[in-house]
Structures are given as structure tokens and as C-alpha cells.
J.: 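Below you will find the structure I want to go over with you.
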Amino acid sequence: MAVFKNLNDLRTYMSALKEIDKAKEAGYSLEIKKFHPLQTDKQQAYIHFMLSYFSCRYGQTFVSTLRELQTNICPHIFETGRKDDNHNPLYRPLSSLNTQEASSVIRNFLDYSSMAGINIPTEDDKEAISYCKREVESAGGWV
């Protein structure tokens, strides 16, 4: 099936309409999806910052915070439906999130951290983020 990315272009729009007509004549069903590209570099950097800062303040490793995110905070986003050899669920990596999923992870993790009493600065608060990064680095960083 064809993918039409820019329907604002008249030629692409007309090609999409022709494809719909062909499918209609053949009796096919169509599924129309909104395209969400992979997360932006800014989203990815902010998610890593959030996890690092929370880990430092909460006193756990980055990996254990990531596992908490995948299993308890946003399992619906990270679950793959597959199991490993020991029948443990497999989860998607952070790098596979699209922009919509990354935004959802950010919102959910900010809510979770505020419930735990750790206030993480917003993505736009550059001064607070740099202060928090210095705090993580002075603590020796968290891996």
C-alpha cells in the first residue's frame, strides 16, 4: 500500500485520491494513520536528563529508573508482547519512541516524579536544567 506524506501538495493529494478510488473499486478496506516520526533529539535528551536527575535524587541507578518507567509508569508504551527465554516480558528501548510516545512518556514521568516529591524542571527552563545537571555531575553521575 502506498504512503502519502505531504497531502498539502496537490499532486500528492490527487495521487492519494486515485489510490482510494482503486481500493474502493477492488473492495479493499483502508486504514489511515497519522504519521509520527521518531522522537526529536530534544525529546530524547530531555528524557535522559529526567531519568538521570530522578535517579540521582532518588538514590537509584539510571537503569533501575528506566526499568521502573518501562514496567510501572508507561507499560502501555514500552510493552512488545514478547517474552524472553525466562518468560520475562521484553520492552522497547527508549530510542524507538515516536514523537507522540515521547511526549506521553515525558508527561507521565513528570507526574510520577512530582508524586515522589522530586520536582524536575520543564524542558524550557534552561537555567534550572543546567543547575540540575551540575548537581548530577557533582554527585558522580548515575549510570
Side-chain angles (χ1 to χ4, degrees), residues 1-20 22-24 26 28-143:
M1 180 52 63
V3 175
F4 302 98
K5 292 185 179 181
N6 183 11
L7 293 178
N8 291 328
D9 179 30
L10 185 59
R11 284 182 277 173
T12 306
Y13 181 75
M14 295 307 291
S15 297
L17 287 179
K18 287 179 186 176
E19 192 72 28
I20 290 171
K22 285 182 197 175
K24 183 179 172 183
Y28 294 146
S29 297
L30 295 177
E31 178 180 356
I32 298 175
K33 291 183 178 181
K34 184 174 180 180
F35 177 72
H36 296 283
L38 284 178
Q39 63 188 310
T40 64
D41 291 340
K42 186 177 177 182
Q43 285 177 316
Q44 188 173 26
Y46 186 64
I47 290 172
H48 282 274
F49 161 74
M50 288 188 324
L51 294 175
S52 297
Y53 184 66
F54 183 86
S55 299
C56 179
R57 294 294 306 264
Y58 205 68
Q60 61 187 24
T61 65
F62 181 89
V63 174
S64 60
T65 303
L66 174 61
R67 186 63 56 203
E68 180 75 17
L69 174 68
Q70 292 173 324
T71 58
N72 297 325
I73 301 169
C74 300
H76 59 285
I77 293 174
F78 290 101
E79 288 177 342
T80 62
R82 295 181 292 137
K83 305 262 184 192
D84 65 7
D85 294 338
N86 296 327
H87 302 289
N88 296 321
L90 293 173
Y91 296 99
R92 293 172 48 202
L94 280 175
S95 60
S96 70
L97 301 178
N98 63 36
T99 54
Q100 181 184 20
E101 292 167 336
S103 295
S104 181
V105 165
I106 290 169
R107 284 191 308 273
N108 288 340
F109 194 78
L110 288 174
D111 290 343
Y112 175 78
S113 65
S114 66
M115 288 180 356
I118 299 172
N119 293 321
I120 297 175
T122 61
E123 204 170 355
D124 301 328
D125 193 354
K126 302 295 182 199
E127 188 174 324
I129 287 177
S130 66
Y131 174 78
C132 292
K133 284 182 180 179
R134 284 193 305 270
E135 184 179 341
V136 171
E137 289 170 6
S138 69
W142 293 85
V143 181

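Just so you know, these numbers use all the heavy atoms, side chains as well, and skip hydrogens, waters and symmetry mates.
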J.: Please examine the side chains of L17 and M14, heavy atoms only from C-beta on, and report whether any two atoms are closer than 4.5 Å.
T.: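 M14 vs L17: side chains touch.
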
J.: Is it true that a side-chain atom of T80 and a backbone atom of L90 form a donor plus acceptor pair closer than 3.5 Å?
T.: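 A pair under 3.5 Å: yes.
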
J.: Does the pair I106 and Y46 meet the rule for a side-chain contact (heavy atoms from CB on, under 4.5 Å), with working shown?
T.: CA-CA 8 Å; I106 290 169; Y46 186 64; 3.6 Å; yes

J.: Any pair with a residue in residues 109-130 that passes side chain to side chain donor-acceptor pair (under 3.5 Å), sequence neighbours left out, goes on the list, sorted by first then second residue, please.
T.: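 As it turns out, the side chain to side chain donor-acceptor pair (under 3.5 Å) pairs with a partner in residues 109-130, which skip direct neighbours, are E68-Y112.
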
J.: Just jot down the side-chain contact (heavy atoms from CB on, under 4.5 Å) partners of A45, sequence neighbours excluded, or say none.
T.: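 Expected list: none.
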
J.: Counting distance only, does the side-chain N/O of Q39 pair as donor-acceptor with the main-chain N or O of L94 below 3.5 Å?
T.: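 Present.
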
J.: Are any of the side-chain heavy atoms of F109 and I47 separated by less than 4.5 Å?
T.: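 When only atoms from C-beta onward are counted, I47 and F109 do not touch, as no gap falls below 4.5 Å.
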
J.: Nearest 0.5 Å, what's the NZ-OG distance between K24 and S29?
T.: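 Between atom NZ of K24 and atom OG of S29 there are 13.5 Å.
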
J.: Just grab all the salt bridge (Lys or Arg N to Asp or Glu O under 4.0 Å) pairs involving residues 77-101, residues at least two apart or on different chains.
T.: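 Matches after skipping sequence neighbours: R92-E101.
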
J.: For the pair Q44 and S95, evaluate side-chain hydrogen bond (donor to acceptor under 3.5 Å, both in side chains) and give the outcome as yes or no after the intermediate values.
T.: CA-CA 8 Å; Q44 188 173 26; S95 60; 5.4 Å; no

J.: With heavy-atom distances below 4.5 Å as the criterion, would you say the side chains of Y28 and K22 are in contact?
T.: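 They are not in contact (no side-chain heavy atoms under 4.5 Å apart), so the answer is no.
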
J.: C74: what forms a side-chain contact (heavy atoms from CB on, under 4.5 Å) with it, not counting sequence neighbours?
T.: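 C74 satisfies side-chain contact (heavy atoms from CB on, under 4.5 Å) with L69, H76, I77, F78, V105, N108 only.
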
J.: Quick one: list whatever passes side-chain contact (heavy atoms from CB on, under 4.5 Å) with K133, sequence neighbours left out.
T.: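 If we apply the side-chain contact (heavy atoms from CB on, under 4.5 Å) test to K133, skipping adjacent residues, the hits are F49, I129.
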
J.: With the side chain counted from C-beta on, respond yes when K18 and S15 share a heavy-atom pair under 4.5 Å apart, and no when they do not.
T.: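 Heavy-atom side-chain distance check fails, nothing below 4.5 Å.
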
J.: Going by ring-ring contact (aromatic ring centres under 6.0 Å, His included), name the residues that satisfy it together with Y131, two or more places apart in sequence or in a different chain.
T.: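 For Y131 there are no ring-ring contact (aromatic ring centres under 6.0 Å, His included) partners, ignoring immediate neighbours.
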
J.: For the residue pair Y91 and T71, what are the closest heavy atoms and their distance?
T.: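 In this case the closest contact between Y91 and T71 is OH-CG2, 3.3 Å.
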
J.: As an exercise, state the distance from CZ of F62 to OG of S52, rounded to the nearest 0.5 Å.
T.: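 Here the interatomic distance stands at 5.0 Å.
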
J.: Shortest non-hydrogen contact from T99 to L38?
T.: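 Heavy atoms only, the tightest pair is CG2-O, 3.5 Å.
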
J.: Considering non-hydrogen atoms only, spot the tightest contact between Q60 and F54 and give its length.
T.: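 Taking every non-hydrogen atom into account, NE2-CE2, 3.9 Å.
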
